[in-house]
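What you see is a predicted model; the values in this text were computed from it and never measured.
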Amino acid sequence: MQAMERAAADRAAWLAALLAEFSVLPPAQVRQAPFPTLSELTDNWDGKPEPAAGVYLPRPDVDEELCAALASPTGSYPFLLVYGDDGAGKSTSTWKAIETVLSPETKVLVPRDVESLVALATVDLASIAAQPALIWVDELTVDDLDSLTHGIVDRLTASAFIVATISASVVAAILAAPPDQWQVARSALRRAYLLHLLYDPVLVEQVKINSRGGVVPSDVDGLGDVADDDRDMLILRLNTASAANPAGMALVRAAIDCRRAGLERPVTDSELRRLFAHYLAEIRNIAVSEELFEAGIVWAQGTGSANEALLTVHPARGRDDERRWSVARVLVDDAEPNRVIPDALWAELIDFATPEQCAHIGRRARELQRLTYAATAHVKASTVSPLEARERILAALAYMELGDQRATRESLEAAYQAGVRDGLSSEACFAAYQLGDFSKKDGDTETAIRLWTFVAEQGQEWSLEAFLALGAHYTLSGETEKALVALDRDFSDANLSTTQRRATMLRLALRPTQEGLAEIVGDQYGSVEESDEDRQFKRVLIDHVAQRLRDSDTAVDNRAEALFEQGRTALLFGSKEDAATFFERCIECADADHSVEAAFALGELRHEEGDAAGAERAWRAVLDLAEPAMVMRARFNIGLLRMEAGDEAAAVAMLETVLTKGDAARRAHAALLMAQIRKSQGADVPIVDDLYQQAIEADDPEWSPLALTELGLRKYGRDGATDEAVSLLSRAAESRQHEARAKAPWVLGRLLEDREDLNGAIQAYEASIAAEHPEFTPAAHISLGQLYGTLNRVQLGMRHLKTAYNSGHPEYRLEAAFWIGLYHYWFGRFRNAAAVFREVVNGRHPRLWPEAGVLLGRMCMELGDARGAAKAWRAVARSGSQPSAREAMANLLELSEGPLGEEEELTALGEGNFEEG
């Protein structure tokens with residue numbers, strides 16, 4: 001009995017000592033021994049993983065998967081193993097998910113070492129801690145993982161989550177070891193729930209800016225399916241290679257991206273060599289060499305077995321045939337799905353692919369919204385005669401989305417000519433139909449009719465659209481019989497969803513009926529967005545309605561109300577002349593309600609027509625009819641009119657009254673307008689600042705934030721990056737006013753850069769971007785792209801610049817293109833740089849195009865295109881924009897003694913405009 005008691009006492013002492021090794025808090029800070037709760041750790045544990053600067057940057061896809069893995073309601077609970085490069089944020093991201101999903105009362109065990117964890121597997125954990133408990137193991141080593149056998153993991157996960165982190169370099173070492181070494185660790189990797197965390201900034205931006213990824217079509221030459229375990233190990237081997245074998249990772253990524261970008265054949269040795277330097281630079285700053293290339297190839301092949309080979313070589317087809325490489329299909333489908341295909345790949349791929357291969361590459365680029373490369377690929381594919389018509393149409397569609405009207409029209413003309421030449425009616429008809437629209441917009445009606453008639457007569461799929469276009473033209477030009485002939489057909493099978501509706505409207509315009517009128521009026525606020533043509537189609541019906549209104553008879557007692565309603569109805573149908581007549585007659589009634597509203601409506605109508613005098617007459621009528629609130633509204637409108645006309649004295653006279661007697665919104669707006677006027681007049685600083693301050697004190701949600709922004713900008717420009725400027729801009733940034741919420745943080749970001757608070761600047765630019773303002777969000781993307789460039793975080797910088805480029809903003813798109821070109825130039829991607837510099841030059845960015853032209857010439861020289869360089873520099877030299885023009889001229893003089901020679905250089909300078917080159 002005594003022996004049993006001693007054994008029990010020893011066991012209890014051993015257990016107490018063991019459990020003490022799992023608590024990282026002093027006993028006084030633990031309410032219920034032996035283990036602290038998650039809440040207690042959150043409040044008291046110094047070792048809790050914390051994000052840099054205290055701000056956690058969300059990673060939507062990783063956070064979601066982490067949370068899903070921790071949401072298991074009952075045992076057996078998961079063994080979750082998060083792996084990634086050092087500094088990737090494994091611990092902070094995983095701990096954030098733990099705090100998000102698990103109850104604050106969850107008991108948390110933090111083992112002192114792996115021996116303690118192994119010993120814990122012999123204990124009935126469920127009898128000590130409520131289920132589920134959490135076992136947290138940060139930074140596992142090889143030996144730690146090699147101690148976690150199947151049995152140990154199964155016993156622990158019966159009542160607890162095991163959540164651990166491990167370095168990708170440790171995983172890579174396990175995978176690279178001989179088969180008989182670390183077998184338990186390798187087995188533990190297979191059984192764990194593996195979650196890969198990429199290096200933090202790259203992942204955050206990839207998820208935020210390009211979340212597409214997706215699955216590409218099956219490889220015609222790719223490797224077949226592999227078992228699930230082997231699939232996971234292949235992906236794991238690639239994901240952990242940045243430290244173990246960056247050259248191999250670069251080569252595999254290049255091969256994957258060739259497939260994802262639409263190359264439907266194995267990639268050759270020479271092609272991989274062209275891509276190797278670009279991909280290696282994204283992983284490590286290592287000099288490229290033949291030895292490094294071959295070492296990467298050897299690593300990617302592994303032992304050659306299907307469950308280890310990332311790249312597989314194809315047999316040579318001849319004595320001089322170079323090696324050709326296929327990449328495992330599972331990697332193309334599933335590995336790093338959020339990694340963006342870099343620009344360098346697109347440019348090189350289109351260059352070395354055949355025209356036939358470029359047809360598929362162009363389609364893939366379009367799917368991924370890489371429209372510049374889609375257009376380039378389709379143009380190259382069009383050099384094969386049988387493909388020319390179709391590929392030129394696809395190029396035109398890409399150019400159309402890019403907003404390049406000149407290139408769109410050129411491609412459509414080429415498609416039309418090729419379609420006619422090859423007897424391809426469908427392609428020729430589509431191109432001709434679109435060219436007809438171009439001609440109509442250019443005022444060349446004769447050509448438009450000729451092209452539409454050609455399409456209509458072909459009886460192809462675009463013929464109905466052509467008949468509609470002809471019918472619309474003849475209707476609007478008063479040729480009723482021709483219009484009826486064009487429209488006398490069934491439009492239900494047309495390509496465009498709006499065609500049948502427009503045809504119905506045209507017929508009603510030509511032969512109006514009461515039923516048809518009701519149909520059109522009823523559709524006025526329908527879900528189908530009206531185009532300018534749709535509104536024009538209604539014009540004949542509007543005249544019909546206006547005539548009915550003229551003939552209506554109204555009771556004298558309700559004359560003002562009736563006239564006002566008639567005016568609104570006429571305006572509803574677009575009959576502005578009739579609406580103005582009704583409103584004028586309503587004003588004459590001097591009714592305190594309807595006459596005042598009619599005066600405002602008439603003023604707005606006259607203002608839209610550009611009749612400032614008529615608008616002011618209408619609004620002045622309010623001054624004698626209305627209550628004070630309406631009088632202030634009229635004075636404000638008149639003040640705006642005077643301001644637009646440049647009569648600042650009269651504008652101020654009106655606005656000063658509003659500033660003292662108007663409601664909050666108009667006081668704030670009036671103060672803003674007066675501040676602009678006084679600033680333009682060169683008023684003293686305190687006067688202008690006081691007006692902005694009055695606008696702020698009005699506390700209007702729409703105008704006061706704008707005043708905060710402008711005053712903060714003035715303080716910043718005048719006094720520098722002061723605390724007062726920061727305060728004003730911060731208040732504006734926190735408002736709900738759309739423009740202020742975007743502009744203020746953008747300006748604040750620049751201010752914080754001046755204060756060398758770069759983290760604060762990044763957060764400010766991110767806030768501006770989140771506001772999604774069409775003007776300032778692209779500007780913030782450019783500023784953030786430049787800032788990341790100065791921090792040598794090139795991938796982040798490039799992603800922000802690309803977002804600004806894709807915004808479509810006429811100025812910021814080109815400014816972003818300029819900086820993207822510089823990034824490509826700095827990294828030796830001359831073909832990419834030339835493409836975007838050419839766009840800046842052709843777009844004539846008011847500030848940057850001359851410098852872009854000089855750089856474009858340099859890129860052409862790097863690519864061996866001396867003629868292209870001469871044309872670029874010639875355009876800049878003629879511009880006279882200094883100092884770029886002087887530099888361009890100096891380059892031209894140097895070029896005359898170089899590759900072209902003086903006589904040939906002079907000939908090249910005389911060859912047409914640069915844009916045509």
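Salt-bridge annotation for Arg450 and Glu446: absent, with no side-chain N of the basic residue lying under 4.0 Å from a carboxylate O of the acidic one. One finds no salt bridge joining Asp343 and Arg829 here, because no Lys/Arg side-chain nitrogen approaches an Asp/Glu carboxylate oxygen to under 4.0 Å. Of the charged side-chain nitrogens involved, none lies within less than 4.0 Å of a carboxylate oxygen, so that Arg260 and Glu336 do not count as a salt-bridged pair. A salt bridge is defined here as a Lys NZ or Arg NE, NH1 or NH2 lying under 4.0 Å from an Asp or Glu carboxylate O, and Arg813 with Glu839 meets this definition. A salt bridge is absent between Glu862 and Arg858; no separation between the charged side-chain nitrogens and carboxylate oxygens falls under 4.0 Å.
For the atom pair CZ (Arg409) and CG (Leu435), the distance works out to 6.5 Å, reported to the nearest 0.5 Å. Summarising the geometry, atom SG belonging to Cys258 is positioned 10.5 Å from atom CD belonging to Gln357; distances are rounded to the nearest 0.5 Å. Atom OG of residue Ser439 and atom CD1 of residue Ile449 lie 10.5 Å apart, to the nearest 0.5 angstrom. One distance of note links CG of Leu331 with CZ of Arg329; it measures 11.0 Å at 0.5 Å rounding. The distance from the CG atom of Asn842 to the CZ atom of Phe837 is 13.5 Å, given to the nearest 0.5 Å. Leu801 CG to His781 NE2: the interatomic distance, rounded to the nearest 0.5 Å, is 10.0 Å.
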Verdict with reasoning, Glu356 to Arg265, per salt bridge (Lys or Arg N to Asp or Glu O under 4.0 Å): CA-CA 12 Å; Glu356 292 85 353; Arg265 62 164 174 80; over 6 Å; no
field: Phe454 vs Tyr433, ring pair (Phe, Tyr, Trp, His ring centres under 6.0 Å): CA-CA, chis, key distance, verdict
entry: CA-CA 9 Å; Phe454 164 80; Tyr433 173 73; over 10 Å; no
task: Carefully, step by step, assess Gln417 and Leu412 under the rule side chain to side chain contact (heavy atoms under 4.5 Å, CB included).
output: CA-CA 9 Å; Gln417 293 167 5; Leu412 287 171; over 6 Å; no
message: Does Trp819 form a side chain to side chain contact (heavy atoms under 4.5 Å, CB included) with Val836? I'd like the steps, not just the answer.
response: CA-CA 9 Å; Trp819 288 100; Val836 287; over 6 Å; no
message: Would Lys482 and Leu470 count as a side chain to side chain contact (heavy atoms under 4.5 Å, CB included) here? Give the steps.
response: CA-CA 8 Å; Lys482 289 184 178 180; Leu470 289 168; over 6 Å; no
- prompt: Can you check side chain to side chain donor-acceptor pair (under 3.5 Å) on Tyr279 and Asp257, steps first, answer last?
  reply: CA-CA 10 Å; Tyr279 277 82; Asp257 286 351; 2.6 Å; yes
message: Determine whether Glu815 and Arg847 satisfy the following criterion, side chain to side chain contact (heavy atoms under 4.5 Å, CB included), listing intermediate values before the conclusion.
response: CA-CA 9 Å; Glu815 184 175 343; Arg847 178 169 48 86; 3.6 Å; yes
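For the pair Asp437 and Trp452, the minimum side-chain heavy-atom distance is below 4.5 Å. Two residues are said to be in side-chain contact when any heavy atoms from C-beta on lie closer than 4.5 Å; Arg366 and Leu371 meet this criterion. Looking at Leu484 and Tyr474, their side chains never come closer than 4.5 Å, going by heavy atoms from C-beta outward. The shortest side-chain heavy-atom distance between Leu345 and His278 does not fall under the 4.5 Å cut-off. For the pair Pro774 and His738, the minimum side-chain heavy-atom distance is below 4.5 Å. Annotation: side chain of Gln434 is not in contact with side chain of Tyr416 (no heavy-atom distance under 4.5 Å). A 4.5 Å side-chain heavy-atom check between His378 and Arg363 finds at least one atom pair inside the cut-off. For the pair Phe491/Arg489, a side-chain contact is recorded, criterion being any heavy-atom separation below 4.5 Å from C-beta on.
Taking each heavy atom of Ala353 and Ile361 in turn, the nearest pair found is CB-CD1, 3.6 Å. Summarising the geometry of Trp849 relative to Ser879, their closest heavy-atom pair is CZ2-CB, 3.5 Å, with the distance given to 0.1 Å. When all heavy atoms of Leu856 and Ala834 are compared, the pair lying nearest together is CD1-O, 3.4 Å. Nearest heavy atoms, Leu814 versus Gly843: CD1-O, 3.7 Å. Counting all heavy atoms, side chain and backbone alike, Leu451 lies closest to Gly436 at CD1-N, 3.7 Å. Nearest approach of His360 to Gly262, heavy atoms of both residues: CD2-O, 2.9 Å.
Using cut-offs of 30° and 60° for the angle between ring planes, the Trp346 and Tyr373 rings count as parallel.
Listed for the Lys380 side chain is no donor-acceptor partner under 3.5 Å among the backbone atoms of Thr354. Remark: side-chain polar atoms of Asp351 are not paired, donor with acceptor, to backbone N or O of Ala347 under 3.5 angstrom. No side-chain donor-acceptor contact under 3.5 Å links Ser411 to the backbone of Ala395. Remark: side-chain polar atoms of Arg259 are paired, donor with acceptor, to backbone N or O of Leu263 under 3.5 angstrom. Glu427 places no side-chain N or O within 3.5 Å of a backbone atom of Ala415 that could act as its donor or acceptor partner. At distances below 3.5 Å, not a single donor-acceptor pair connects side-chain atoms of Glu401 with backbone N or O atoms of Ala398. Under a 3.5 Å cut-off, the side chain of Arg364 and the backbone N or O of Ala374 do not form any donor-acceptor pair.
No hydrogens or angles considered: a donor-acceptor pair under 3.5 Å links the side chains of Arg421 and Ser385. For the residue pair Tyr805 and Thr372, a side-chain donor N or O sits within less than 3.5 Å of a side-chain acceptor on the partner. Looking only at atom types and distance, the side chain of Thr383 has no donor-acceptor partner in the side chain of Glu388 under 3.5 Å away. If you check the side chains of Gln405 and Thr408, you find no donor sitting under 3.5 Å from an acceptor.
No more than 12 heavy atoms of other residues, nucleotides or ligands sit less than 6.0 Å from atom CD of Glu772.
Both tests do not hold together for Arg274 against Phe352: distance to the six-membered ring centre under 6.0 Å, angle to the ring axis within 45°.
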